[in-house]
Amino acid sequence: MPVPAPMSSPSPDRAQALPLAILQEVFGYASFRGRQAEIVEQVCAGGDALVLMPTGGGKSLCYQVPAIARQRLGHGVTVVVSPLIALMQDQVGALEEAGVHAAFLNSTLSLEQAQHVEREMLSGRLTLLYAAPERVNTPRFLAQLQSLYERGQLALFAIDEAHCVSQWGHDFRSEYLSLSLLHERFPEVPRIALTATADELTRADMVERLALQDARVFISSFDRPNIRYLIVEKGASPRDQLLRFIRDEHEDEAGVVYCQSRRKVDETAEWLRSQGVNALPYHAGMDAELRKRHQDRFLREDGLVMVATVAFGMGIDKPDVRFVAHLDLPKNIEGYYQETGRAGRDGAPAQAWMAYGLADVVNQRRMIDESPADESFKKAQRGKLDALLALAEATDCRRQRLLAYFGEDSRPCGNCDNCLNPPATWDGTEAARMALSCIYRFQQISGLRFGAGHLIDVLRGKETDKVRQYGHQSLSTWGIGSALSEQQWRAVLRQLIALGHVFTEGEYSTLALAESARAVLRGEVRLLLRQPSDTRRAKSTRASRGSARAEAPDLDSAALARFEALKAWRAEVAREHGLPAYVIFQNVTLAEMARQHPRDLDALAGISGVGAKKLEAYGREILRVLDTDA
Ligand code: ADP
Ligand code: ZN
């Protein structure tokens, strides 16, 4: 694709042709993706838009292209409201690399720096200004906007992470509430609000609180086809399972490992390091400086694994995260989807891996039970947990279930563990009845409840102190389940809990029968259970593991050498510019250069991700690197 010549004279279709020309010239991409073209058209024409698009869907271009177009058409500056101070700098860096004049205003700037940015903005030279929401609400800033507005120099408001305005969401920010001011004060300026959070309640909140009643709503499919979903049962050592997964499929690749507690984050990171994995911890209990350093290293270095609590991740723009692993069960499907969505933003193959077990189920329930929230809230939480458990226990397509949860119909995907390797099932109806009658006997005989461990001991006829203490050898259910292993019993219980036939209570998570257990006891419900999946493995994403990377499949050895050489060159440039490597060029772009091996600037310009400014700045260097190492 040759770089189109800048357009000289305005023509009637210019309004439509301009965004595409900008996409190609500035960003080096051949065409818009999904609904980007429609969104861009709506906003360029001065209309409002509410954009719901999954992470990695390409939201940034939806306001960056209109910002550039409107600036070129003489409408002035676009103000981007973003809560992610840590990321503004990288976003601005990426735009400047692409030749777009951008800046940010937030608390990290000195007074002098801030004043310089304000002057740039007021002079009309700036195309995009990123600002934190608390800044937007200050009288000083509003007055500056007013002066731009009066001169017709306020092109667009983009409100990123717009779900922050909703109390229903997980990231509520009170400063977002006053953003409706922008519409009251500057009614002529179009607005675009963007989020990756899709549920109905949040959407309604955004429309109302941001006064977006007249906005066109663009909802994209939430599917992330390049992410492969894998959910395994925890065996004796989940962290060994994790290590095997990383070593077999993601050696030297960037990934995130989520754990529930800070302590587990620290322990897991340390253990992974001791096993030779380049891992760092991240959680809210760490010293702020150190935490920031770890985040910076994760963004800037290649192949780091971040072990983190859910405090880590919002707005992590790193495009080449190749896996997200959960060592503990997330709270609900929304959380799971958001966390796993941080993998594979660049569209190259990525994996979402989760290990879960009986203890996860029991713990999550206990956390809900013990929380100070009111009963209706707890009930909603339990319902959400159940949906997640059903996903984990599913024997059919994971993606189909995930999308169905968000209200989308789809077909079996062919890219999840269940599709690739349909799980063996066994008929657990009899076993389930044994377990339920044993729980019933406990209550009947001693009026007491017991936890899962003791139940399994009784079923398997294992004489422990506790068994003797309560005389449970004399129960009619004593030893009736000796044919099944402890692992199998755990699976039975987990699924009985997941299906809601058994619930857990109190500090010791003792087991009790739900009303629906009757039907199982009477033999009216058949229970098909997953065979333990620990030994089953999804096929590797990689053609040959270790060397070829997900972003660069099917590269021959010469091309692979070029790819590595380009990465080494990029690391230098990134260091010099103080920017993350992917801001210079993404891995997928470097891989394409290595594959195509362009011999001149024209050929190089045809590669996706090479815009005019980067071609000018780095083109010759790249050709040189490609030639020395070919
Ligand atoms: P989001 O903000 O929705 O998570 P981004 O805006 O970060 O997504 O875009 C995700 C990735 O997709 C980025 O690497 C971006 O460069 C790429 N991308 C977006 N739109 C296009 C397009 N039209 N063509 C090629 N790549 C694109
Ligand atoms: Zn599937």
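We count ligands from 1, going down the list as the structure has it; atoms in each ligand are counted the same way.
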Asks: Would Ala30 count as a contact of ligand 1 if the rule is a heavy atom under 4.0 Å away?
Replies: no
Asks: Nearest protein heavy atom to atom 6 (O) of ligand 1, by residue and atom, and its distance?
Replies: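 In this structure, atom 6 (O) of ligand 1 has Ser60 OG, 2.6 Å as its nearest protein heavy atom.
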Asks: For the atom pair OH (Tyr356) and CG (Leu329), what is the distance rounded to the nearest 0.5 Å?
Replies: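 Tyr356 OH to Leu329 CG: 8.5 Å, rounded to 0.5 Å.
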Asks: Salt bridge or not for Asp360 and Lys234, using N-O below 4.0 Å?
Replies: yes
Asks: Atoms of ligand 1 less than 4.0 Å from Thr55 heavy atoms?
Replies: 4 (O)
Asks: Quick check for you: with the Zn ion (ligand 2) as the vertex, what angle do SG of Cys413 and SG of Cys397 span, to 10°?
Replies: 100°
Asks: Pull out every atom of ligand 1 sitting under 4.0 Å from any heavy atom of Leu61, numbered as shown with elements.
Replies: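 Result: 19 (C), 20 (N), 21 (C).
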Asks: For a side-chain contact (heavy atoms from CB on, under 4.5 Å) with His326, tell me which candidate from Ile231, Leu242, Val256, Thr340 qualifies.
Replies: Thr340
Asks: If we set the cut-off at 4.0 Å for heavy atoms, which region of Ser608 has an atom near ligand 1: side chain, backbone, both, or neither?
Replies: neither
Asks: About how large, to 10 degrees, is the angle SG of Cys419, then the Zn ion (ligand 2), then SG of Cys416?
Replies: 100°
Asks: Can you confirm whether more than 12 heavy atoms, excluding those of Glu134, are under 6.0 Å from its CD atom?
Replies: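 For Glu134, atom CD is crowded (more than 12 foreign heavy atoms under 6.0 Å).
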Asks: How close does the nearest protein non-hydrogen atom get to atom 9 (O) of ligand 1, and which residue and atom is it?
Replies: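 Its nearest protein heavy-atom neighbour is Gly58 CA, 3.4 Å.
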Asks: Is the number of heavy atoms from other residues, nucleotides or ligands under 6.0 Å of Lys613 NZ greater than 12?
Replies: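 For Lys613, atom NZ is crowded (more than 12 foreign heavy atoms under 6.0 Å).
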Asks: For Tyr336 and Tyr229, take the angle between the two ring planes, folded into 0 to 90°, and tell me which bin it lands in: parallel under 30, tilted 30 to 60, perpendicular over 60.
Replies: tilted
Asks: Please check if atom CG in Asp409 has more than 12 non-hydrogen atoms from other residues, nucleotides or ligands closer than 6.0 Å.
Replies: no
Asks: Begin from the C-alpha positions of Val81 and Asp160 and carry the test side-chain contact (heavy atoms from CB on, under 4.5 Å) through to its verdict.
Replies: CA-CA 6 Å; Val81 183; Asp160 206 4; over 6 Å; no
Asks: Can you establish whether the number of heavy atoms outside Glu616 located under 6.0 Å from its atom CD is more than 12?
Replies: no
Asks: Considering distance alone, does some N or O of Pro319 sit under 3.5 Å from an N or O of ligand 1?
Replies: no
Asks: Is a donor from one side chain sitting under 3.5 angstrom from an acceptor on the other, for Glu408 and Ser221?
Replies: yes
Asks: Within ligand 1, which atoms have a heavy atom of Gly56 less than 4.0 Å away?
Replies: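 It comes down to these atoms of ligand 1: 1 (P), 3 (O), 4 (O), 8 (O), 10 (C).
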Asks: What residue and heavy atom of the protein are closest to atom 20 (N) of ligand 1, and at what distance?
Replies: Gln36 NE2, 2.9 Å
Asks: Please classify the Tyr29 to ligand 1 contact at 4.0 Å (heavy-atom distances, strictly less than): side chain, backbone, both or neither.
Replies: side chain
Asks: Got the closest protein heavy atom to atom 18 (N) of ligand 1, with its distance?
Replies: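 Its nearest protein heavy-atom neighbour is Arg33 NH1, 3.5 Å.
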Asks: Would you mind running through ligand 1 and noting each atom that sits below 4.0 Å from a heavy atom of Phe32?
Replies: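 Answer, ordered by atom number: 23 (N).
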Asks: Determine, for Arg216 against Asp48, whether the closest basic-nitrogen to carboxylate-oxygen distance falls under 4.0 angstrom.
Replies: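 Between Asp48 and Arg216 there is no salt bridge, as every charged N stays at least 4.0 Å from the carboxylate O atoms.
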Asks: As a check for students: among Lys59, Gln586, Arg342, identify the option with a heavy atom nearest to atom 3 (O) of ligand 1.
Replies: Lys59
Asks: Hey, is Pro54 touching ligand 1 through its side chain, its backbone, both or neither, going by heavy atoms under 4.0 Å?
Replies: backbone
Asks: Is there a nitrogen or oxygen of Arg345 sitting under 3.5 Å from a nitrogen or oxygen of ligand 1?
Replies: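 It does: an N or O of Arg345 is found under 3.5 Å from an N or O of ligand 1.
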